[in-house]
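No hydrogens, no waters, no symmetry mates; every other heavy atom, side chains included, goes into these values.
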Amino acid sequence: MKLTRYTKFTGDLSTSFGLDDLMQALSDFLLDSGYQDPFSPFPNMDDSMESLRDAIRQALESGELLDEDAQEQFDSLEEPQVEELIDKIVQRMKDENFLNAEEPQAPGDGEQGDANTNARFEVTDKGMDFLGYKALRDLLGPLGKSSLGRHDTRHEAAGVETNGSSKQYEFGDSLNLDITATLNSVFAREGPPNASGLLNLEYSDLHVQQADYQSSCATVVLLDCSHSMILYGEDRFTPAKRVAMALAHLIRTQYPGDTIDLVLFHDSAEHIHLSQLPRVKVGPHYTNTREGLRVAARILKSSGKDMKQIVMITDGKPSALTLEDGRIYKNAFGLDPLVISETLEEVSRCKRAGIMINTFMLAQDFQLVQFVQKVSAMCRGKAYFTTPQTLGNYLLMDFMSRRMKHVN
């Protein structure tokens, strides 16, 4: 049941709206990927406090954050009052742990500039989790999903959430007795109970209820941040970040036994904490898919989980390779035989380690399609050729239904 909390309005505009609404209004700014969109409300902004203040000002001026009365009050403020209001809002975001911010320092002697220009901020784990929740709600809304379960498998075990079947008790089973089956076993052996009402219950009579065996899974999101993710007049990276955050929130809240890690791959690859994802941007990089797979495989092998998967989101063919001496071999033209052979060899290692690779491809070049289909065939994974607009639906539908069916 949804509850609404009413508080006395004090006339302070900084508390006249919820911070969740503000975070939603700032989501495009907080997830900036470096794509220069001429139609974006937040062009040429970075992670400085000055940019944050400008973004908050734009959200207030948009007319979508405040109600009609509060908007009218805001429009009547003088510039110093607007600056004071923004200060209060930033402080409120810090107090409620949506972001961490450096304290502005005044320029030194002989230096020029605003103190807010050098100060930086970062989204906290709470803020990151909220953005993930919002992304998950937006992505799952069109799917009509009202509730989520756990990862089902083809196996059964003695458990609490029963499926209607039962089995004879064996040492080590959860003692979730099936009373009906147990008594039927006694009556079949001893006949109806006598006048004393005592039953001669033996070990072999015990039956326990069966439940679907549910397993945990280790997931690594392998995210391409090469330059092609923002080329060709389209921002593919920001939607990919939203999906990664939504998947992280889904796993944290609905699959508590699972783990999720994030690996970025470009000229090389690195494992980063999910809290750093909002500020990650693409760069002038090539696509070193093999190095990304190697880093992801190391993480999964140390996870201790029986079920392991890589979710790779990319739009480009492998174009770089880390050589034995540490140098980066690059070839952006065509599918280089050396790069492809070494990348497929790494895919083969993942297969031998029991790691499934599911690829979500944001491009449909013919040669690229062939390469991705080969990767999927080698590791018995799945390949989806999608767009930034439908990526989230494909990925989340696959994650929630993937282990309800046996993939041969």
Side-chain angles (χ1 to χ4, degrees), residues 139 150-155 215-224 226 236 239-240 243-244 246-248 250-251 255 258-265 269 271 287-303 305-318 335 339-388 390-408:
L139 291 170
R150 302 293 188 270
H151 303 305
D152 294 331
T153 69
R154 302 170 64 233
H155 309 290
S215 180
S216 61
C217 178
T219 300
V220 171
V221 176
L222 191 57
L223 186 56
D224 183 357
S226 62
R236 299 167 177 171
V243 169
L247 186 59
L250 176 68
I251 288 176
Y255 303 93
D258 286 16
T259 62
I260 182 168
D261 293 271
L262 176 65
V263 171
L264 304 177
F265 68 104
H271 179 201
T287 308
N288 194 338
T289 307
R290 187 189 74 159
E291 190 64 20
L293 292 172
R294 292 174 72 174
V295 174
R298 284 200 298 267
I299 296 170
L300 293 173
K301 289 175 183 177
S302 64
S303 68
K305 305 289 186 182
D306 291 331
M307 300 176 70
K308 301 180 283 286
Q309 72 161 339
I310 294 173
V311 176
M312 181 165 64
I313 305 174
T314 182
D315 73 335
K317 54 187 175 292
L335 295 173
V339 175
I340 296 301
S341 63
E342 292 294 331
T343 302
L344 292 179
E345 177 59 32
E346 192 60 39
V347 172
S348 180
R349 293 191 188 98
C350 289
K351 177 186 176 182
R352 292 194 294 270
I355 299 172
M356 179 181 291
I357 302 175
N358 291 318
T359 306
F360 294 83
M361 184 60 61
L362 301 176
Q364 298 191 23
D365 176 82
F366 177 73
Q367 289 183 314
L368 188 56
V369 170
Q370 286 186 317
F371 169 75
V372 172
Q373 288 176 337
K374 190 168 186 178
V375 169
S376 301
M378 288 178 64
C379 64
R380 297 184 179 182
K382 297 178 183 178
Y384 295 93
F385 298 91
T386 179
T387 67
T390 59
L391 169 64
N393 294 357
Y394 274 108
L395 195 154
L396 294 174
M397 286 178 65
D398 175 76
F399 184 83
M400 291 184 293
S401 65
R402 180 177 56 83
R403 277 161 282 176
M404 294 181 183
K405 297 173 287 187
H406 182 58
V407 181
N408 291 308

Tell me, do Leu262 and His271 make a side-chain contact under 4.5 Å, heavy atoms counted?
-> no
Go through the steps to decide whether Ser303 and Lys308 satisfy the test side chain to side chain contact (heavy atoms under 4.5 Å, CB included), and finish with yes or no.
-> CA-CA 9 Å; Ser303 68; Lys308 301 180 283 286; 4.3 Å; yes
Indicate the atoms forming the closest heavy-atom contact of Pro318 with Thr289, along with that distance.
-> CG-OG1, 3.6 Å
Could you pull out the closest heavy-atom pair between Asn288 and Phe265, with the gap in Å?
-> O-CD1, 3.7 Å
So which heavy atom on Asp258 is nearest to which on Cys217, and how close?
-> OD1-N, 2.9 Å
Closest heavy-atom pair, Val221 versus Ala244, reported as atoms and distance to 0.1 Å, is CG1-CB, 4.3 Å
Any chance you could measure Gln370, atom CD, to Ile340, atom CD1, to the nearest 0.5 Å?
-> 11.0 Å
Hey, what do you get for OG1 (Thr219) to CG (Leu247), rounding to the nearest 0.5 Å?
-> 6.5 Å
Should Ile310 and Cys350 be marked as a side chain to side chain contact (heavy atoms under 4.5 Å, CB included) after you check the CA-CA gap, both sets of side-chain angles, and the distance that decides it?
-> CA-CA 9 Å; Ile310 294 173; Cys350 289; 4.3 Å; yes
Counterpart residues, side-chain contact (heavy atoms from CB on, under 4.5 Å), relative to Lys317 (two or more places apart) = Leu335, Leu368
How long is the span from the CD1 atom in Ile260 to the CD1 atom in Ile299, to the nearest 0.5 Å?
-> 11.0 Å
Identify, with sequence neighbours excluded, every residue that meets side-chain hydrogen bond (donor to acceptor under 3.5 Å, both in side chains) alongside Arg298.
-> none
Could you tell me which residues satisfy side-chain contact (heavy atoms from CB on, under 4.5 Å) with Glu342, sequence neighbours excluded, listed by chain and number?
-> Arg290, Leu321, Leu338
For Ala353, enumerate each residue passing the side-chain contact (heavy atoms from CB on, under 4.5 Å) test, keeping only those at least two apart in sequence or located in another chain.
-> Lys301, Ile355
Walk me through it: do Thr343 and Phe371 pass the test side chain to side chain contact (heavy atoms under 4.5 Å, CB included)?
-> CA-CA 10 Å; Thr343 302; Phe371 169 75; 3.8 Å; yes
Name all residues meeting the side-chain contact (heavy atoms from CB on, under 4.5 Å) criterion together with Glu345; count only those two or more places apart in sequence or in a different chain, and write none if there are none.
-> Arg349, Arg352
Check step by step if side chain to side chain contact (heavy atoms under 4.5 Å, CB included) holds for Asn358 and Gln309.
-> CA-CA 7 Å; Asn358 291 318; Gln309 72 161 339; 3.1 Å; yes
Interatomic spacing from CG in Leu223 to OG1 in Thr314 - rounded to 0.5 Å = 9.0 Å
Who passes side-chain hydrogen bond (donor to acceptor under 3.5 Å, both in side chains) against Ser226, sequence neighbours left out?
-> Asp224, Ser228, Thr287
Got a second to check how far Ile313's CD1 is from Thr359's OG1, nearest 0.5 Å?
-> 10.0 Å
Out of curiosity, Glu291 CD to Leu264 CG, how far, rounded to the nearest 0.5 Å?
-> 13.0 Å
